[in-house]
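Scroll down for the structure; my scribbles are underneath it.
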Amino acid sequence: MNQDGDGGSDNGVGDIFATNSDIFENRDLLKVGYVPGLDQIVGREEQIQSVGQSIGSATVGDSPDTLLIYGKTGCGKSLVARAVTR
């Protein structure tokens, strides 16, 4: 037991589980479901515009165009779709 009586050991190391919030400028970037803003997505402007035009009519109450997004794994399909729909 340490001097505080809480059962921990006081070996001069301090609290090994203390977090240092200064390590990360933006912790949200590490979250699994994080989606950056449209202005932060690089190299997908044409795809963002295309998806936006296809579903844009739904924002005014009309039926959106049918949209099929395909491509290789990791090329940004889900990123573009999530960013546009948010």
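The first residue of the sequence shown is numbered 1, and numbering continues consecutively from there. Remember, predicted model here, so these are calculated numbers, not experimental data.
For Lys72, there are no salt bridge (charged side-chain N to carboxylate O under 4.0 Å, His left out) partners, not counting sequence neighbours.
Applying the salt bridge (Lys or Arg N to Asp or Glu O under 4.0 Å) test to pairs two or more places apart or on separate chains, those with a residue in residues 31-60 are Asp28-Lys31.
A pairwise comparison of heavy atoms in Gly43 and Gln47 identifies O-OE1, 4.0 Å as the closest pair.
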Would you mind writing out the side-chain donor-acceptor pairs for residues 48-69 within the sub-3.5 Å range, not counting sequence neighbours?
residue: Ser54; atom: OG; partner: Ser50; partner atom: O; Å: 3.0
residue: Ser57; atom: OG; partner: Ser63; partner atom: O; Å: 2.9
residue: Thr59; atom: OG1; partner: Gly56; partner atom: O; Å: 2.5

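With a 4.5 Å cut-off between side-chain heavy atoms of Ile, Leu, Val, Met, Phe, Trp and Tyr, the cluster of Tyr34 takes in Leu29.
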